[in-house]
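Since the structure comes first, as C-alpha cells, the remarks are kept for the end.
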Amino acid sequence: MKDHLIEKAARVLRGNWKEKFTIPCEGLYPFQWNWDAGFIAIGWAHVDMKKAKTEIRSLLSGQWSNGFIPQIIFHKESDSYYPGPEVHGAHRSPFYPKDIKTSGITQPPVLGFVLEETLRISNNKEIDFVKEVYDRVFDYSQYFYQYRDPESEGLVYICHNWEAGTDNTPVWDEVWKEMDSPDYDLPRKDNTHIDAENRPTNREYQHYIHLLELFKQWNYDDRLIAEKSPFLIQDPLFNAMLIASNQSLIRLGKQLGKHEQVDLLEQWTNMGIESFNRKLYDRERHAYVYYDLRNQKSLNYVSSSSFAPLFARIPSAERAKKMIETHFNTGEFSGKEQDFYLCASFDPTHERFDPKRYWRGPVWINLNWIVYRGCKRYGYESLAARIKADTIELIRDNGFYEYFDPRKEVQRSLGKGYGGNNFSWTAALLIDLLNETNKE
Ligand code: GLC
C-alpha cells in the first residue's frame with residue numbers, strides 16, 4: 001500500500017514538472033509559487049534529488065536584488081491565470097530582476113528549513129548544494145528584518161493576504177471591513193476551473209486587487225507600504241516559518257563556518273521568539289493569534305496557523321501542553337458534534353467557519369504537515385500519529401486534492417476533495433510522511 005501510494009504521488013509530481021520547476025496544479029496555478037516550491041522540493045528530494053535542486057534554483061532565479069523572493073515566478077506565459085505580471089506591475093520596484101517576471105509580494109519563507117530537510121533526506125550528501133545557495137537564502141531572511149520589522153521587535157509583517165498563504169481566512173474579514181475598495185470588474189479565471197462556492201468571493205477578490213493597485217502607486221516601496229498599507233499584519237504562520245527557517249540556517253551556517261550570518265540570525269530569532277510569546281499569544285484562547293499593526297490591535301481568531309509556532313519551537317513546554325489540550329483531542333478542532341479530520345483551517349465553532357470554502361475551514365495538507373511535525377517536536381506522539389493517519393486517509397480515499405472537508409461523514413460521502421486535483425504539495429508532503437526518513 002505504502003509503495004503504491006508513493007508511486008501515485010510521484011506520478012502527480014512528474015505530471016506537474018515543467019522542465020525546471022513544478023506547477024502547483026494544472027490550469028489553476030500555471031507558474032512557480034514560492035512556498036509550494038519549498039514543499040515540493042521536499043517531495044522531490046525523496047524521489048529525484050536533481051529535480052529538488054533544480055526546483056530551488058528556479059525559485060532563486062526570481063530573487064530580487066534586495067534579497068526578496070516573490071510569491072510567483074512567471075517562468076512562462078499562460079492565459080489560464082489571473083492576475084498575471086502586468087496586473088502585479090512589480091517591475092516598478094528598483095530591485096526587480098532583469099530577465100524574469102515575478103509578482104511583487106511574497107509568501108511564507110519556508111526555504112531555510114527546506115534546505116535542511118533536503119540535506120537530511122540526502123544523508124548529508126548535498127552539502128555542496130547547501131553551500132551554493134546558502135547566502136541567497138540568508139539574504140531572504142535579512143530582507144525581512146531590514147524592511148518589514150518597523151518596530152525592530154523580530155516580528156515581520158505581511159501586507160497582502162496572498163502573502164499569508166491562507167488567502168481568504170476569516171481573520172482578514174476584519175481588514176476588509178475597513179477598506180473601501182472600488183467595484184472592479186475582474187476577469188477571474190479561478191472560478192472557471194473550480195466551483196465558485198469553494199473559492200473566495202468576488203468582493204474579497206476586489207480587495208486583493210485593490211491592494212496591488214496601491215502597491216503599484218507606491219512603486220512597491222516597502223517604506224511607503226509600511227506607512228500606508230491598510231493591510232499590515234503580523235501573522236503567526238508566516239513568522240513561525242521565518243523563525244523555523246532561521247533556526248535551520250543557524251545549524252547549517254555553523255556547519256559551513258558562516259559566523260557573521262549565524263550571529264545575525266541568532267539575534268533576530270531570539271528577539272522574534274520573545275516578541276512572539278509576548279505579543280501573539282492569547283492567554284484566554286490558549287493559542288497564537290494575529291496582530292494588526294496598522295490598527296495596533298490583536299485579531300483574536302484561532303486557525304490552523306495558530307499551531308504553526310510548535311513547528312518553530314516557539315512555545316514553552318507548558319504553553320504547548322495547554323494549547324494542545326484545549327484545541328485537540330476533545331477540543332473544537334476534533335469536532336464537537338461530529339467527528340472531524342484534523343486539522344480544519346479555521347475554528348470549527350466560529351460562525352465564520354465554512355468547511356467547503358478554501359481557507360475558511362477545509363483541511364490543507366501543508367498545514368497538517370507543519371502541525372504534525374510541531375506535535376512531534378513537543379513529544380505529542382499520539383496526536384501526531386492521528387494527524388498523520390488522517391492525512392494519509394484523506395488522500396488515499398479521495399485523491400491528491402488541494403483541500404478537504406474536515407467533517408468526516410461529509411468528506412467520506414463525497415469521495416473527492418475540493419479545489420484542484422493532482423495538487424503538487426499534497427503529493428510531495430505525502431511522500432515525505434510515508435518515507436519518514438526525517439527522524440528527529
Ligand atoms: C493558493 C493558496 C496558496 C498557494 C497557491 C498555489 O493561492 O492559498 O497558499 O501557494 O494557491 O498553490
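What you are looking at is a predicted structure, and each value in this text was computed from that prediction instead of being measured. First listed ligand is number 1; within each ligand, the first listed atom is number 1.
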[X] N/O under 3.5 Å from ligand 1 N/O:
{"X": "W364", "answer": "no"}
{"X": "E402", "answer": "no"}
{"X": "W162", "answer": "no"}
{"X": "W359", "answer": "yes"}
{"X": "W33", "answer": "no"}

Please write down residue, atom name and distance for the protein heavy atom closest to atom 1 (C) of ligand 1.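 Heavy-atom neighbour on the protein nearest atom 1 (C) of ligand 1: Y358 OH, 3.0 Å.
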
I need the nearest protein heavy-atom contact for atom 7 (O) of ligand 1: residue, atom name and distance, please.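 Atom 7 (O) of ligand 1 sits closest to the protein heavy atom D167 OD2, 2.7 Å.
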
Compute whether any side-chain donor of one residue and acceptor of the other, for N277 and Y288, lie under 3.5 angstrom apart.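 Yes, a side-chain donor-acceptor pair sits under 3.5 Å.
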
Once you measure the plane-to-plane angle for W369 and F113, does it fall in the parallel (<30°), tilted (30-60°) or perpendicular (>60°) bin?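 Taking F113 first and then W369, their aromatic rings lie parallel (interplane angle under 30°).
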
Using a 4.0 Å cut-off to any heavy atom of [X], which atoms of ligand 1 qualify?
{"X": "P24", "answer": "6 (C), 12 (O)"}
{"X": "F423", "answer": "12 (O)"}
{"X": "G165", "answer": "2 (C), 3 (C), 8 (O), 9 (O)"}

Examine the proximity of ligand 1 to Q107 and report which part, side chain or backbone, both or neither, has a heavy atom under 4.0 Å away.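 For Q107, the contact with ligand 1 is made by the side chain alone.
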
Salt-bridge present (K356, D354; N to O < 4.0 Å):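 Looking at K356 and D354, the cut-off is not met.
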
Taking the basic N atoms (NZ, or NE/NH1/NH2) and the acidic carboxylate oxygens, is any pair closer than 4.0 Å for R199 and D167?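 The answer is no: the pair does not qualify as a salt bridge.
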
